[in-house]
K.L.:
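What follows is a single structure, and I will ask about it in a moment.
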Amino acid sequence: MYDYKFSNKLKMFSFILMIIGALGVGYGFMTSHKSFEEVEHLLTEEAHHGHGGGHGEAAAHATVAHDTHGGDHGHAKDNAHDAHKEHVEHVQHQIHNRPWSALYVAAFFFMMIALGCLAFYAVQHASQAGWSPVLFRVMEGITAYLLPGALIVLIIAFFAGDHIFIWMNDDVVAHDKLIQGKSGWLNKPMFIVRGLIFIAGWFLYRHFSRKFSKAQDEANDNSNFKKLFRWSAAFLVFFLYSESMMSWDWIMSVDPHWFSTLFGWYVFASMFVSGITVIALITIYLKSRGYLEFVNENHLHDVAKFMFAISIFWTYLWFSQFMLIWYSNIPEEVTYFITRINDYKLPFFGMVAMNFIFPVLLLMNADYKRIPWFVVMTGLVILAGHYIDVFNMIMPATVGDRWSIGIPEIGSVLLFAGLFIFVVFTALTKVPLLAKGNPFIKESKEFHY
């Protein structure tokens, strides 16, 4: 059984993270409420210092007003004034969006770790893998975060409204024929209903898989194992559909004018490798503290091998989506990447290096996959890279070029990291760390590669 005293120390650490994170989130919301005059002053200063992007537009509007001559002088001046006001209000809205977006990015990131881990857990059961049963309780602990994490994402989406999802603004929809055409799918009631269906399906599988796994420990036959096999196979079918629709709703709809048929797979690859990486990190941590004595370097090698393989798979999907859209050069599609390359160049290309080049170079050698500190270092970079990936998916549509990695973003990550640690390690204390009733447990304990 997991050591309760040790768990309490970790709980205290998680509480500290949550408190610091909550303070950072609160600071982000307080500082984001800038008045029209404050934003106007900010734009004037940026224009004066020549800061790039669209920051100099206010000065440009003023120049038009002053330089216009002739009979249309008054009309042009009014137009310039209206354009200037519209631009200031747009920037003001972007600044207000930032703390909501930072909170949403962090909430989704930690939720997707748990969901990716649940999918990997189901794959192991459906394939009746012989190497992984010694890691099942670690996986079950991680997936405990899925229900609270997913509900938090849905709650943030509901209360954030058009701070994240512009199609939730009735005024915008009234003047946008394209969004009107999608309103049968993109409407708030159905968004919530679909979200609850996704979460219910994921939770039911997690609940019953955990129940059958615990029951198998005390069973005299393999009936619970067989039930878990059937539930896992059925869940994977549900997961493929629900994950795709979830990625359309919770991520892709922040850009309602854009879509990609690869997007569901792309988000899946990101959550899958993130979930596997956290399995490796928690396993290494527990083993370093004297637990999981039945886990050996061969298990670590196989988990790191999945980290390596899915990183390549993610890159294949990233390049496929990027290359096909860029090469076709269709304006309504390519604008997605133009925005990110122009305003997010460092995080956009940086996360490719973090999610592909770094793990491939470090984990290509089989011997390196067996070195715990090496896997930890690579795993932390992979997780940071996929957080930036989610950041790149959300922020350009909500805050535009007003992005930064500052107190709201760091505070949000600390808040949900603390909650994640608390939920996961609390779940690990509830049952023995070895699924001793699994019929493949002997094979798993003696696994050698």
Side-chain angles (χ1 to χ4, degrees), residues 1-4 6-7 10 116-144 206 208-233 272 275-310 363 366-376 378-379 424-449:
M1 189 74 72
Y2 193 67
D3 188 285
Y4 282 86
F6 176 67
S7 175
L10 204 56
C117 183
L118 187 67
F120 187 70
Y121 179 77
V123 168
Q124 299 307 303
H125 279 290
S127 63
Q128 298 190 357
W131 71 274
S132 56
V134 294
L135 301 176
F136 280 172
R137 290 293 153 79
V138 174
M139 300 182 201
E140 290 170 11
I142 296 170
T143 59
R206 197 269 168 185
F208 283 105
S209 64
R210 173 86 158 179
K211 177 183 175 181
F212 295 142
S213 176
K214 289 164 62 178
Q216 186 62 42
D217 286 355
E218 309 301 330
N220 297 320
D221 56 24
N222 292 329
S223 59
N224 290 293
F225 173 78
K226 293 176 181 177
K227 291 177 184 176
L228 185 48
F229 166 76
R230 291 192 292 269
W231 271 78
S232 298
F272 204 51
I276 294 168
T277 299
V278 172
I279 293 171
L281 295 181
I282 292 180
T283 299
I284 292 170
Y285 177 77
L286 290 175
K287 192 164 179 64
S288 72
R289 297 293 177 177
Y291 305 98
L292 303 182
E293 66 280 357
F294 37 81
V295 174
N296 57 48
E297 64 176 15
N298 299 289
H299 300 107
L300 179 60
H301 173 272
D302 265 26
V303 176
K305 189 161 60 176
F306 274 104
M307 291 165 59
F308 173 83
I310 306 302
L363 295 179
D367 293 334
Y368 292 166
K369 296 185 182 76
R370 298 172 181 270
I371 304 174
W373 71 265
F374 215 82
V375 175
V376 169
T378 308
V424 169
F425 282 88
T426 298
L428 288 172
T429 66
K430 301 301 182 183
V431 293
L433 291 175
L434 180 67
K436 63 181 181 179
N438 189 289
F440 292 106
I441 199 66
K442 187 174 185 297
E443 176 184 342
S444 182
K445 291 170 72 172
E446 298 174 358
F447 174 68
H448 178 76
Y449 176 81

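In this text, all values refer to a predicted model and were calculated from it rather than measured experimentally.
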K.L.:
Do any side-chain atoms of residues 131-142 form donor-acceptor pairs under 3.5 angstrom with protein atoms, and if so which ones, sequence neighbours left out?
P.N.:
unit_1: W131; atom_1: NE1; unit_2: Q124; atom_2: OE1; d: 3.4
unit_1: S132; atom_1: OG; unit_2: Q124; atom_2: OE1; d: 2.8
unit_1: R137; atom_1: NE; unit_2: E140; atom_2: OE1; d: 3.1
unit_1: R137; atom_1: NH1; unit_2: D217; atom_2: OD2; d: 3.1
unit_1: R137; atom_1: NH1; unit_2: P432; atom_2: O; d: 3.1
unit_1: R137; atom_1: NH2; unit_2: S213; atom_2: O; d: 3.2
unit_1: R137; atom_1: NH2; unit_2: S213; atom_2: OG; d: 3.0
unit_1: R137; atom_1: NH2; unit_2: D217; atom_2: OD2; d: 3.1
unit_1: E140; atom_1: OE1; unit_2: R210; atom_2: NH1; d: 3.1
unit_1: E140; atom_1: OE2; unit_2: Y121; atom_2: OH; d: 2.7
unit_1: E140; atom_1: OE2; unit_2: S213; atom_2: OG; d: 2.8

K.L.:
Identify the heavy atoms of V303 and A280 that sit nearest to each other, and give their distance.
P.N.:
CG1-CB, 3.5 Å
K.L.:
Give the minimum heavy-atom separation between L300 and K369, together with the two atoms involved.
P.N.:
CG-O, 3.5 Å
K.L.:
What salt bridge (Lys or Arg N to Asp or Glu O under 4.0 Å) pairs are there with at least one residue in residues 276-285, not counting sequence neighbours?
P.N.:
none
K.L.:
As an exercise, state the distance from CZ of F425 to CG of L10, rounded to the nearest 0.5 Å.
P.N.:
5.0 Å
K.L.:
Let me confirm one number: the OH-NE2 distance from Y368 to H301, rounded to the nearest 0.5 Å.
P.N.:
13.5 Å
K.L.:
Drop me the distance from N222's CG to F229's CZ, to the nearest 0.5 angstrom.
P.N.:
13.0 Å
K.L.:
Specify whether F120 and F272 have parallel, tilted or perpendicular ring planes, treating 30° as the upper limit for parallel and 60° as the lower limit for perpendicular.
P.N.:
perpendicular
K.L.:
Could you grab the distance from atom CG of N224 to atom NZ of K214, nearest 0.5 Å is fine?
P.N.:
12.0 Å
K.L.:
Judged by modelled atom types alone, do H299 and N296 share a side-chain donor-acceptor pair under 3.5 Å?
P.N.:
yes
K.L.:
For residues S232 and A126, report the shortest heavy-atom separation together with the two atoms involved.
P.N.:
CB-N, 4.0 Å
K.L.:
Please step through side chain to side chain contact (heavy atoms under 4.5 Å, CB included) for the pair Q216 and K226, ending with a clear verdict.
P.N.:
CA-CA 10 Å; Q216 186 62 42; K226 293 176 181 177; over 6 Å; no
K.L.:
Measuring from D302:CG to R370:CZ, what's the distance to the nearest 0.5 Å?
P.N.:
8.5 Å
K.L.:
Before we go on, tell me: are the rings of F440 and F225 under 6.0 Å apart, centre to centre?
P.N.:
yes
K.L.:
Just by distance, do the side chain of K287 and the backbone of V295 share a donor-acceptor pair under 3.5 Å?
P.N.:
yes
K.L.:
Could you measure the distance from the CZ atom of F212 to the CZ atom of R230? Nearest 0.5 Å is fine.
P.N.:
8.5 Å
K.L.:
Is any side-chain heavy atom of Y285 less than 4.5 Å from a side-chain heavy atom of T283?
P.N.:
no
K.L.:
Quick one: closest heavy-atom pair of R206 and A144, and the distance?
P.N.:
NH2-CB, 3.5 Å
K.L.:
Looking at every heavy atom in both A304 and V375, which two are closest together, and how far apart are they?
P.N.:
CB-CG2, 4.2 Å
K.L.:
Knowing that exactly one of E443, H448, K442 qualifies, which makes a side-chain contact (heavy atoms from CB on, under 4.5 Å) with E446?
P.N.:
K442
